[in-house]
Structures are given as C-alpha cells and as structure tokens.
Amino acid sequence: MNGPERVVIIGFGPVAARLVDRLRAANRRRREAGEPERFAITVIGAEPEPAYHRVMIGELATGVATRASLWLSDAAELIGDGVDVRLGAVVTEVDREGRTVALAGGELIGWHRLVFATGARAYVPSLEGFSGRIDPRELTGVQVLRSLDDADRLRDSVAAGRRIVVLGGGVLGLELVLGLARAGIDATLIHSGEHPMARALDQDGGRLLLRSLREAGVFVVSDVICRALLTEADGDQGQRFIGIEFSDGRFVRGDELVLTCGALARTELAEAAGLRCHNGILVDHELACWGTDSIFAIGDCAEVRCAADPYCAECADRPLKTSAPAGLIAPGWEQAEALADRLIDGTAEPVGTGIDGMIQLKADDLDLVAAGDTLAGPWTPGLEVAQWLDPAHGRYVKMITREGRLTGLVSLGMPNAGAELSWLYDTGAELPWDRSLLLRGDGPDGGDEPSGAPVCRCNGVPRETVEAAIVAGSRTVAEVGRETRAGTGCGGCRSKIAALLEDRSIQQ
C-alpha cells in the first residue's frame, strides 16, 4: 500500500470517535501547511449510527435526553473530511499476516495500523427459566441497556407506565432507577451485596447510599441471590417476564426486567486473530497488543498490563487475575489521545491501567464521587484516613491519604467537597493539614470550585472555556458540549454547565 498510512479502527463508539478526531486534525494541519495527509482513516461501526454518548442512554430511555443530544460524530462531516466511514458493517476476520480485515459482505480492507475499539457487551446471567440469551421470540420483557435500540424499547415501557425491575447495583443500574423514579415509574433495584456499589464504597458510604435511594422513591432489595425468573404465557409469542425469585423463596414482581449486571470486553475478533486476551485485549502501556507493534486496543476492550516488566510497580503490585479494563470513559479518552499522539509523532506518555479512576454518579438528587482505594479503614498501616459522617442529612466524606496525598476518596451529598477532592486526586496535590477545611464549601457560607479545577473532568475543560463558549452564543448544555466537549463524558458536570448558563442569563 502506497500513500498515507492506513489506520483501520474496528468499532465506532466514543473512544474511537476521539481517536478519529485527533487523527483527522493532524491531517488537517498538514493540508493547511501544503503537505500531504499523514493518515488514511477507516472507521468501522457495527451499529447504523455514528458514535454517541453511550453513558446517556438511560436518560434517553427516561425521556430526559433526546437522540439529537447524544451524537458525538457526524458521519457526513467525517466523510467530507476524507474519513472512510463504514456504518452497519461487521468485521468477520482479522488477517495479521496479510494485514487485512474482512467485512461480512466479503470486502477486504488493508491496514498499516489496526486499532481495536470494540468496546464491551452486557453481561447476561443464566437463571432458572432463563438461558442467559435474550431472545424476544422466547421471552419478552427482559433486556439490557447498551444501545440506542435498547433505550427505545425501555422508553416504550416507561411511556406505558410499566413496573420496571433493575438487576445490578453499579453506576448504570443506580442512574437508571433514579431516573425511573423521577419519571414516576414503579422502580425496583436488586443487587447481591449488602449495599450497591460494594466495590467502590465502604460500609458507611454504602449504607448512606442505600438510604438515599429509598428516600428518592426506589424500592431496593439487598443482599440476595437470584434463583429464577418468573414467567407466564404470552399468547403465541412464548413467555413473558412477570418477576424474579430469590434463593430464600422471596420474589419481586414486575413487568420489565433490565439487566445491568456489568459488562464483558468484546475480545472475540482479537482472540481469533491470535492476540493475547484475558479480561480484555492485553496491551502494554504504549497501547500495543502484546507481541505486536502495529495492532493496538483502546477503551472498554483494552486491558492495560505489562507483558513482562518486573520493574513496573503498577503492574507488579496487581496480579494478572485481578487485572481488567477500566470500564470508564475518561481513561478510554486518555488512551485514544495517547494513541493518536503516538501515531502522529511518537511523543505520548505511557498510559496507566485506569482501574482506579474516578466514578461519578450523575443524578439530580444524589451527588456521589469515589476513586482509588476507598475500602481502607482508619487504622490501615501506612495510610491516614479521615471520615466525616452525617446520616441525618445524607452526607459523608472519606479521605484516604499517603504522605498527605489522596490515594482514595468518597464524597456523598457534598458536591463542593467532592469537586475539590476530585481535583486534588487528579493533580496529586497535597491536602491541608486540617482536613476539615475541605468540608467548608458545603457549609452555610458555600464555597467556590477549587482554583484550577476543570468544570468537566472527563475532558479537562476549565471554567473559562465553558464561559467563553456561553459568551460566544452557546445557549444550552448540548451546545456548550458541541463547542467545548464539556459534559460529553460521564455527564456529571452538566448541572455545573447549566448553572453557568443560568448565571449568564441572569447577568444579561
């Protein structure tokens, strides 16, 4: 192959979109300088739509967001900029020796560099009465929430006022049941642990989260093992879900079941091509697949892990069996930007594993942020742990530090403290000796965002950039997002953007 370097990207989600944008920006700079383009870019998406905010599909299902507000890429714009966009296309095989990928129709596409951005699929458990395969021809009323089509089906159930049961107490499940409760839907959350988000919250934080969910109108069933799905005949269309039974004989009834039990990296193509996989496609800190220098993986399908480096403390302290993809949008975007820089000029810094990244719950009535080692107790050797708990008012803060710097944090019901702690965690800045100073922003006198803290953590967008976009004419959160990318990650900052928009409107 002659001419520009052909980069083929399998998958067209938010992380792939970020990589495409960075590579075509490099092409644009070369065109403007009168130089030939560096890259010929092909992006292949299995869905008929270009990249969209996957983390917002729960809001689409509950009527808070519209399809138009979810788009991250414009296929026509990309094509006009020289990108080869293949939508509704399925890659069936990767030939490493011949450096081609085969599409379902038989077409072969050659590559110099190949990037897996295949993302993850929903984990679907097997239960009595349910094979673990979602097939509406056999069983209706059971679905996952990973795509626009999934959101459309759930939106129909919301519009019909059906009782909805959500199985899985992670961020997706929590955000969904809170949105359903706000929409006036009879919503039930079922999870297996003592409290939701058991991997990210200690017992105090978990108990307070549990209380906050119930106060928001969510019926929560905790610490149960699901045994079987309850079904009934659905005319000529097989069976319909009517409830779920637990191992102790109790059961919960509902009209729809949404499975939010986690996700599994899509590694099938990579494994078939002979690439090493574990919980994801194994890549080094340069994002190259083990044993290659021309194939890469980013996002939810990528598991960052040294192949063999006894001097890498980050990997040596974490056995392979505990390794996994980050599963968060911010580390995925960091990977996309690092890989783009590496392909453009080879200057990118090595990326971390990302598994201790920030978790934020985006809900109007529940402010939660957690990161790092949140389970350490106050007497853990080598760490200093400061906690503040106010159950009556739904507020909790925990700071875990080593030598004055955060290694973990939890903030629930304390938005200003959460913002400052997030910034301190990201920057590695030292905390004040008196940790109680960090709580004052949520007191009666209020407080400002910490100096230098971005409004949007996922994209690193500072307040000044958001305000400049508003002054230039952006009038909605979506318009600010299109201009600055603020609010297009986890969505946790959209309330801050809305407040800045309101402040500007009042000033005018």
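Note that the coordinates shown come from a computational prediction; the quantities given were computed from them, not determined experimentally.
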Roughly how far apart are [X] [atom1] and [Y] [atom2], rounded to 0.5 Å?
{"X": "Leu412", "Y": "Leu366", "atom1": "CG", "atom2": "CG", "value": "5.5 Å"}
{"X": "Met197", "Y": "Ile359", "atom1": "CE", "atom2": "CD1", "value": "5.0 Å"}
{"X": "Thr407", "Y": "Leu409", "atom1": "OG1", "atom2": "CG", "value": "9.0 Å"}
{"X": "Asp390", "Y": "Tyr396", "atom1": "CG", "atom2": "OH", "value": "13.0 Å"}
{"X": "Phe219", "Y": "Leu189", "atom1": "CZ", "atom2": "CG", "value": "10.5 Å"}
{"X": "Glu245", "Y": "Glu128", "atom1": "CD", "atom2": "CD", "value": "7.5 Å"}

Ignoring hydrogens and geometry, is there a side-chain-to-backbone donor-acceptor pair from [X] to [Y] under 3.5 Å?
{"X": "Glu194", "Y": "Gln203", "result": "no"}
{"X": "Asn416", "Y": "Gly441", "result": "yes"}
{"X": "Gln335", "Y": "Gly299", "result": "yes"}
{"X": "Glu59", "Y": "Val64", "result": "no"}
{"X": "Thr260", "Y": "Gly168", "result": "yes"}
{"X": "Ser411", "Y": "Met414", "result": "yes"}
{"X": "Arg162", "Y": "Gly141", "result": "no"}
{"X": "Asp300", "Y": "Ala265", "result": "no"}
{"X": "His393", "Y": "Arg395", "result": "no"}
{"X": "Asp426", "Y": "Trp423", "result": "no"}

Just one of Leu339, Val351, Val304, Val283 clears the side chain to side chain contact (heavy atoms under 4.5 Å, CB included) bar with Ile298, so which one?
Leu339

Report the residue from Ile190, Val142, Leu230, Val224 that forms a side chain to side chain contact (heavy atoms under 4.5 Å, CB included) with Ile244.
Ile190

Are [X] and [Y] close enough that some pair of their side-chain heavy atoms sits under 4.5 Å apart?
{"X": "Thr92", "Y": "Leu103", "value": "no"}
{"X": "Leu148", "Y": "Leu70", "value": "yes"}
{"X": "Ile225", "Y": "Ser192", "value": "no"}
{"X": "Leu87", "Y": "Pro48", "value": "no"}
{"X": "Ser222", "Y": "Leu210", "value": "yes"}
{"X": "Leu209", "Y": "Leu174", "value": "yes"}
{"X": "Val101", "Y": "Leu269", "value": "no"}
{"X": "Leu176", "Y": "Leu180", "value": "yes"}

Is there a salt bridge (Lys or Arg N to Asp or Glu O under 4.0 Å) between Asp202 and Lys398 once you walk through the steps?
CA-CA 9 Å; Asp202 60 5; Lys398 182 177 184 180; 2.9 Å; yes

Please give me the minimum heavy-atom distance between [X] and [Y], naming the atom from each residue.
{"X": "Gly418", "Y": "Ser422", "result": "O-OG, 2.7 Å"}
{"X": "Phe12", "Y": "Gly45", "result": "CB-CA, 3.8 Å"}
{"X": "Ile329", "Y": "Pro14", "result": "CD1-CB, 3.8 Å"}
{"X": "Gly352", "Y": "His285", "result": "CA-ND1, 4.3 Å"}
{"X": "Leu127", "Y": "Ala228", "result": "CB-CA, 4.3 Å"}
{"X": "Leu213", "Y": "Pro196", "result": "CD1-CG, 3.8 Å"}

Taking everything shown except Phe246 itself, do over 12 heavy atoms lie less than 6.0 Å from its CZ?
yes

Begin with the C-alpha distance, continue with both residues' side-chain angles, and end with the deciding distance and a verdict on side-chain contact (heavy atoms from CB on, under 4.5 Å) for Ser147 and Ile57.
CA-CA 7 Å; Ser147 69; Ile57 57 175; 5.8 Å; no

Using the side-chain contact (heavy atoms from CB on, under 4.5 Å) rule, take Leu145 and Val166 through it: C-alpha gap first, then chi angles, then the decisive distance, then the call.
CA-CA 10 Å; Leu145 190 59; Val166 177; over 6 Å; no

Could I get the full list of salt bridge (charged side-chain N to carboxylate O under 4.0 Å, His left out) partners for Arg54, not counting sequence neighbours?
Glu47

When you check the gap from the basic side-chain N to the acidic O, do [X] and [Y] get nearer than 4.0 Å?
{"X": "Arg153", "Y": "Asp156", "value": "no"}
{"X": "Arg155", "Y": "Asp152", "value": "yes"}
{"X": "Glu271", "Y": "Arg266", "value": "no"}

Using the rule given for side-chain contact (heavy atoms from CB on, under 4.5 Å), can you reason through Ile295 versus Phe116, listing the C-alpha separation, both sets of side-chain angles and the distance that settles it, and then say yes or no?
CA-CA 8 Å; Ile295 306 177; Phe116 285 91; 3.6 Å; yes

Please evaluate residues Arg305 and Arg276 with respect to the criterion side-chain contact (heavy atoms from CB on, under 4.5 Å), reporting the C-alpha separation (whole Å), side-chain torsions for both, the decisive distance (0.1 Å), and the verdict.
CA-CA 11 Å; Arg305 175 83 193 190; Arg276 182 79 182 275; over 6 Å; no

